[in-house]
Number of protein chains: 2
Amino acid sequence: MELVNYIKSHISLTDEDVLFINSHTQKEFYHKGDIIRAPHTKSQKIHYIHKGYARNFYEKNGKDITYFFLKDNSFTLPVDAVYFNAPTKYGLQAEEDLQLTSFKYSDLLLMLERIPRMAHLYELEMAKFIKQLSDKYYLIQFQSAQDRYNSMMEKYPDILLHVSLGHVASYLGITQETLSRIRTK
Amino acid sequence: MELVNYIKSHISLTDEDVLFINSHTQKEFYHKGDIIRAPHTKSQKIHYIHKGYARNFYEKNGKDITYFFLKDNSFTLPVDAVYFNAPTKYGLQAEEDLQLTSFKYSDLLLMLERIPRMAHLYELEMAKFIKQLSDKYYLIQFQSAQDRYNSMMEKYPDILLHVSLGHVASYLGITQETLSRIRTK
DNA sequence: GATATTTTTTGACCTAAATCAAAAAGTGAG
DNA sequence: CTCACTTTTTGATTTAGGTCAAAAAATATC
């Protein structure tokens, strides 16, 4: 769903609002494997996934670790860069061909100023992200590799069809070999 | 620091604003071990810690697990209850004698309506929480028990002085025995 | 369509940390 | 001050899952 339609599914927008939003956001296209945002940058951009799968990732001890998978109709922004003026640890990569809409945080502020009712939507998006983080934390903490995989199968079966095993393994906090063994149970 | 002073450290408030805030919030006192919010309730309350240490916790397979430690000048609200109308998994307990200020989410909305400049502060508090969660996640993921303890010693040495070993162990995602062994290294 | 590259699976081995159990130390109440 | 209870430490044993290595399968490239 396009960004404007997503917003309209929560609040009503006038035609002028839509024009304003369109003039403050950019549609972008990426190919599988493309890096949309590199780690260690101070990017101020918010990305809305219109179609396709992506992932947030970071590097640790030379290893590439998946932080989150993103699917259509979801947002991602580098909290450390936007709110704490630090280079973000988290990069963004296309898992497959991807359509998205991007805008700078400063443009979000302009849009919120013009369309104050959007503020609640933004608040809700932040809450969603907190819930996602909490749920994932809950999933990992004191849970066996098998249980983690089961939970993922139950909650996000679709993701498994769109991304590589290695990405899923690091997302679940286990090695690729362990995940492979679990799958052939 | 009292709530009003905390807010004043970010934005200016008129005397009337202060009165309005005071009439929409409640000061509370708890003793060590008191449960401030039980898990599995749909509490709509936000708590601001004025003085003392507290912890968020949840139960899993009969085990009590610390989710987060809270110290003075920090907020906590049950995101799942407030934003998703679900019973929250997370309880809140005093680690020691505690002074706090509580208010319902609906009162926050009233305060935001009257003092719109507070909205940015609230947004920042959500961002802080996201950062905290992310950092903790980063700390746990693929990190040895020893490394986790070291990070904690570095980042929150004060907390270790105020809470029991068992609470710290579950916070770090390790058993109490392992933590004890690490400490006597 | 053959070759190169990446991804996934399989195997053997090893280690960090869990589990179970019990002793020791610390804290509190009457 | 003593008895009860809680928290922390120590010990012995087990195991899930990591590591290293190489084969097999899948995918991409020319």
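Just so we're on the same page: letters track the sequence lines, and every chain starts at 1.
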Under a 4.0 Å heavy-atom criterion, the protein footprint on nucleotides 9-18 of chain D, written with B, S and -, is BBBB----SS

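A donor and an acceptor atom, one from each side chain of B:Glu154 and B:Asn150, are nowhere located under 3.5 Å apart. Under the 3.5 Å distance criterion, with hydrogens and angles disregarded, no donor-acceptor pair is assigned to the side chains of A:Lys71 and A:Tyr156. Remark: the A:Tyr67 side chain and the B:Gln141 side chain contain no N/O donor-acceptor pair separated by less than 3.5 Å. A donor-acceptor contact closer than 3.5 angstrom links the side chains of A:His162 and A:Glu96. For the 3.5 Å distance criterion, the side chains of B:Tyr48 and B:Asn73 qualify, holding a donor opposite an acceptor.
Straight-line distance from the NE2 atom of B:His162 to the P atom of D:dT7: 18 Å, rounded to whole Å. Regarding A:Asp64, its CG atom lies at a distance of 14 Å from the P atom of C:dT6, rounded to whole Å. Here C:dT7 presents its P atom at 11 Å from CD of A:Glu95, a figure rounded to the nearest Å. A straight line from OH of B:Tyr149 to C1' of D:dT8 spans 13 Å, rounded to a whole angstrom. Atom CG of A:Leu161 and atom P of C:dT8 are 13 Å apart (whole Å). Between A:Lys32 atom NZ and D:dA26 atom C1' the separation is 11 Å, expressed in whole Å. Between the CD atom of A:Gln141 and the P atom of C:dA17 there is a distance of 14 Å, rounded to whole Å.
Defining each end axis of the helix from C:dG1-D:dC30 to C:dG30-D:dC1 as the rotation carrying four pairs' C1' atoms onto the next four, with five pairs an end, the two axes are found to diverge by 50° to 10 degrees.
Using cut-offs of 30° and 60° on the angle between ring planes, the pair A:Tyr105 and A:Tyr122 is tilted.
Here side-chain hydrogen bond (donor to acceptor under 3.5 Å, both in side chains) pairs that include residues 37-47 of chain A, with residues two or more places apart or in two chains, are A:His47-A:Ser102.
Minimum heavy-atom separation, B:Ile159 to B:Met152: CG2-CE, 3.8 Å.
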